[in-house]
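A quick write-up on the structure given underneath.
Note that the numbering runs from 1 along the sequence shown for the chain. Hydrogens, waters and symmetry mates play no part in the numbers below; they use all other heavy atoms, side chains included.
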Amino acid sequence: MNDAVVKGVDHVSLLVKSTEQSVEFYQSILGLELLERPGLGFPGAWLSLGENQTLHLLELPNPYGSIKRPEHGGRDQHFALSVSGIAVFKQRLDCKGIVYTESRSGRKALFFKDLDSNVIELFEI
């Protein structure tokens, strides 16, 4: 078993209520490229996160029901993406009226929610 190691993240899967609206959201805010997706028998989409990593959107009606989520995304389940500059993403979020909170750690990072309250962290490297 000494030769088995984790090599990285392959994909992140998120539950969404509308594949079409979520694809538009992720493309307009993060500029993600839509990828081919095999026929899996349920609606969804795959988007490129670069470096052979993908975001899988899985469509379900009312994916989170009445779950109460924390206001600050840093205290919620989330996935983090490294970005080369945070200012451009702040402008995109501001233009779309999307609320975000900045990292409380002092890092150049922010948290925002997608259309289904999935939390995304962007941090500048």
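For Arg75, the CZ atom is loosely surrounded, since the number of other residues' heavy atoms within 6.0 Å does not exceed 12. In Gln53, the CD atom is crowded: over 12 heavy atoms of neighbouring residues, nucleotides or ligands sit closer than 6.0 Å. Environment of CD in Glu20: sparse, with no more than 12 heavy atoms of neighbouring residues, nucleotides or ligands closer than 6.0 Å.
Residues Phe79 and Phe89 fall within the same hydrophobic cluster, defined by Ile, Leu, Val, Met, Phe, Trp and Tyr side chains chained together at heavy-atom separations under 4.5 Å. Put simply, Leu110 and Val99 are part of two different groups of oily side chains (I, L, V, M, F, W, Y) that touch within less than 4.5 Å, one to the next. In the hydrophobic cluster analysis, where Ile, Leu, Val, Met, Phe, Trp and Tyr join through side-chain heavy atoms closer than 4.5 angstrom, Phe25 is grouped together with Leu30. Leu58 is not connected to Val9 by any chain of hydrophobic side-chain contacts under 4.5 Å among Ile, Leu, Val, Met, Phe, Trp and Tyr, and they are in different clusters.
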key: Candidate pair Phe42 and Leu60, rule side chain to side chain contact (heavy atoms under 4.5 Å, CB included), full reasoning   = CA-CA 9 Å; Phe42 60 90; Leu60 281 177; over 6 Å; no
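Leu47 CG to Leu14 CG: the interatomic distance, rounded to the nearest 0.5 Å, is 10.0 Å. Distance CG/Leu34 to CH2/Trp46: 11.5 Å, rounded to 0.5 Å.
With contacts defined as side-chain heavy-atom distances shorter than 4.5 Å, the pair Asp116/Leu15 does not qualify.
A donor-acceptor pair is defined here as one N or O able to donate and one able to accept, closer than 3.5 Å; such a pair exists between the side chain of Glu59 and the backbone of Thr19. In this structure, the side chain of Thr54 does not engage the main chain of His56 through any donor-acceptor pair within 3.5 Å. Under the 3.5 Å distance criterion, the side-chain polar atoms of Arg107 are left unmatched by any main-chain donor or acceptor of Phe123.
Under the side chain to side chain contact (heavy atoms under 4.5 Å, CB included) test applied with Leu57, the options Val23, Asp114, Asn118 reduce to a single match, Val23.
In the hydrophobic clustering, Val88 connects to no other residue, as no ILVMFWY side-chain heavy atoms lie under 4.5 Å from its own.
Closest approach of Arg92 to Ile29, counting heavy atoms only: NH1-O, 2.9 Å.
Looking at residues two or more places apart in sequence or on another chain, you find a side chain to side chain contact (heavy atoms under 4.5 Å, CB included) between Glu124 and Ile86, Lys108.
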